[in-house]
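Order of the sequence lines sets the chain letters (A, B, ...), proteins ahead of strands, with each chain counted from 1.
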Amino acid sequence: MSREASPAADTEDVLLSFLDNDGAVVEAKRRFTTASFLAFVRTQEATRRDQQAPRWVWDDTASFYPNLLAADVRVQRCYDLRLSHTILRNSSLTRKSALAVAEPGVWDASPAAARVIRETGTALFDLQVELAPAPDPAAEFACQLAAVASSSEPRRIRLLLAAESAGALVAAEMRFAGLPWNTAAHEDLLARELGPRVPYGVRPDRLEQLAGTIRTLLGEATLNPDSQQDLLKALQNAGLQYGGLPLLSTQQWHLTEIDHPVIAPLLQYRKLSRLLSANGWSWLDAWIVEGRFHAEYLPGGVVTGRWAARGGGALQLPKQVRGAVVADPGWTFVVADAAQLEPRILAALSSDLAMARAGHGTDLYEGIVASGVVETRAHAKVAMLGAMYGATTGESGRLLPRLARAYPRALGLTEDAARAGERGDIVTTRLGRSSPRPSQAWMDAQAQAYAQSASNADERRARSQARDWGRFTRNFVVQGSAAEWALCWMAEIRKQLWLLEDETLAGFGRSPAAGRGRGLFGDAPHLVFFLHDEVIVHTPIALAGEVAAVVTGAAAAVGKLLFGTFPVDFPLTVATVQNYADAK
DNA sequence: GGCGGAGGCGCC
DNA sequence: AGGGCGCCTCCGCC
């Protein structure tokens, strides 16, 4: 639980400053102890709520903000130096800045390494970092402001840094609040599927039965179905084939194609075994505290700008267990997801009016069908995904030419991004996050293929690696720009919920700064879950309508923010439900 | 024993 | 021969 997740920093001075409404640094290079800082923030945030809030500038939201939350302090806005540094270091929009051309330093180290350096003054393994000067947030901040100012697109990069920083606040707050989780409902589900609870390491009844069935059907009395090697051998011995050849893998995808009595119980075994190991009783014990799942989100954890998560698999929550996500009594969930977000982002990025029009007022894939490009929604979807992921074969590959004829600008953008990657160039998202450069090994392999001594194998390998990297950059632009849309969406939702909270509290005759009855978020709606293109807000039932309006309004606002007057829609599917499983 | 790769599979 | 992740288990290796 987040209250004890981060070590208290009582002895550590924290250096902070904040920006006023015009972006000027009001207070810089002031050192606080944690206690005095808490008091200072309380005053600032309470007295300035009705104005534009200060933007706190600090080195690392993830290591610092949880302490504030634990002390019942929320801040409205911040600037995260660590996350911003990573963006500015790599962005093509700031490539000529002093920050981008400097040697790697402490701001390029991982958060854990940076913490070690901060606390001990030395790094354990990295000589280059060890020789770097101690981190100076004020100097770093000045360096970052200069990088932004030197950018060819300062508005975009500034927006990206603000969104990334707001995301860091949201991530810490969501972890702190936790996703409401009904342990009893989860246990019921496990008992229904697996049988009565068993100690760790023991196979539940239902799995034991299925294992017996599989052993009988394969004539292998001692087979362990958890061992891929044993299983594959047994399947081969039983004569199972795939495409006329002996089975080489036990993947679901291959097994489903095979007609044999063992397949059904085997797939069922796999499914339940997965449930047990990923979201079984041990998972409940480890991750659910007082009816909440406190997932740790990692903003900027994926190179494309998507979030990653650590612990409990928050971003892989199977549909199977979503029935355990239940709102508190008197509360409900507003669940919203952006419909066909990535293709809509692609349409806007490439200014493809025809594709944008196909998504106007309707399901984008249906719109593609209605335009006569392909026959079915399923075809439209697989073709679009193929365009964004770089499929070349199968149904997707066959449909691509038709898509390319109908939407030359959109498909041209994905092709250009792929070619750039194949050359070893970087690509950049809407707001300015750039892809990493390929590794030295990759560059060497490409150079090797042009050498006189190059063998056919060298050339094949180089071509294959070039195509792999091209698929990465092709996807990077779309996935990364979609991640920016989602970050801005969440930031806007958070801002509007904050305003809604102030109004509501004022309506009850309480001052916004007054203490709240139910912990940090009081009776206020707050974000509790995020999944790439989907959010959940936990809200008192009476406010659900207003929350739905906030979420919808935010999506519209963000479309304008990122793409101006380009006529692209970002429709949402919004559901107000007591139980996450009932959404969609 | 711990570590890490591979296989597999959950989410988008 | 389809992009991005995290996590679990098995299994070979040190």
Sugar-phosphate only, base, or nothing, as touched by A/Val303 at under 4.0 Å among non-hydrogen atoms: sugar-phosphate
Close aromatic pair by centroid cut-off 6.0 Å: A/Phe530 and A/Trp489: no
Sugar-phosphate only, base, or nothing, as touched by A/Arg310 at under 4.0 Å among non-hydrogen atoms: sugar-phosphate
Residue pairs, two or more places apart or on separate chains, that pass salt bridge (charged side-chain N to carboxylate O under 4.0 Å, His left out) and touch residues 303-326 of chain A: A/Glu296-A/Arg310, A/Arg306-A/Glu342
Contacts of A/Arg467 that satisfy side chain to side chain donor-acceptor pair (under 3.5 Å) - sequence neighbours left out: none
Sugar-phosphate, base or nothing in reach of A/Leu385, heavy atoms under 4.0 Å: base
Using nucleotides 8-11 of chain B, report all nitrogen or oxygen pairs with the protein that are shorter than 3.5 Å.
| from | atom 1 | to | atom 2 | distance (Å) |
| --- | --- | --- | --- | --- |
| B/dG8 | OP1 | A/Thr250 | N | 2.9 |
| B/dG8 | OP1 | A/Thr250 | OG1 | 2.6 |
| B/dG8 | O3' | A/Arg270 | NH1 | 3.4 |
| B/dC9 | OP1 | A/Arg270 | NH1 | 2.9 |
| B/dC9 | OP2 | A/Gln252 | N | 3.1 |
| B/dC9 | O2 | A/Arg274 | NH1 | 3.1 |
| B/dG10 | OP2 | A/Gln252 | NE2 | 3.4 |
| B/dG10 | O4' | A/Arg274 | NE | 3.4 |
| B/dG10 | O4' | A/Arg274 | NH2 | 3.0 |
| B/dG10 | N2 | A/Gln316 | NE2 | 2.9 |
| B/dC11 | OP1 | A/Lys319 | N | 3.3 |
| B/dC11 | O3' | A/Arg322 | NH2 | 3.3 |

Touch class at under 4.0 angstrom, heavy-atom based, for A/Ala482 against every strand present: nothing
Nucleotide interval of DNA chain C bounded by contacts with chain A (heavy-atom cut-off, under 4.0 Å): C/dG2 to C/dG12
Counting only pairs under 3.5 Å, give me each side-chain donor-acceptor contact of residues 387-399 of chain A, with atom names and distances, residues two or more places apart or in other chains.
| from | atom 1 | to | atom 2 | distance (Å) |
| --- | --- | --- | --- | --- |
| A/Glu395 | OE2 | A/His379 | NE2 | 3.0 |
| A/Ser396 | OG | A/Val382 | O | 3.0 |

Of all pairs that satisfy salt bridge (charged side-chain N to carboxylate O under 4.0 Å, His left out), the ones with a partner from residues 423-439 of chain A, not counting sequence neighbours: A/Glu164-A/Arg433, A/Arg423-A/Asp425
Residue list, ring-ring contact (aromatic ring centres under 6.0 Å, His included) with A/Trp281, at least two apart or on another chain: none
Touch class at under 4.0 angstrom, heavy-atom based, for A/Phe529 against every strand present: nothing
Sugar-phosphate, base or nothing in reach of A/Gly311, heavy atoms under 4.0 Å: sugar-phosphate
Salt bridge (charged side-chain N to carboxylate O under 4.0 Å, His left out) partners of residues 471-481 of chain A, not counting sequence neighbours, each pair once: A/Glu415-A/Arg474, A/Asp468-A/Arg471
Set of residues satisfying side chain to side chain donor-acceptor pair (under 3.5 Å) with respect to A/Arg274, sequence neighbours excluded: none
A/Glu492: salt bridge (charged side-chain N to carboxylate O under 4.0 Å, His left out) partners, not counting sequence neighbours: none
Steps toward salt bridge (Lys or Arg N to Asp or Glu O under 4.0 Å) verdict (A/Arg156, A/Glu484): CA-CA 11 Å; A/Arg156 289 189 183 182; A/Glu484 287 163 354; over 6 Å; no
Qualifying salt bridge (charged side-chain N to carboxylate O under 4.0 Å, His left out) pairs with a residue from residues 209-224 of chain A, counting only residues at least two apart or across chains: A/Glu208-A/Arg215
Contact residues, residues 415-436 of chain A to DNA chain B [heavy atom, < 4.0 Å]: none
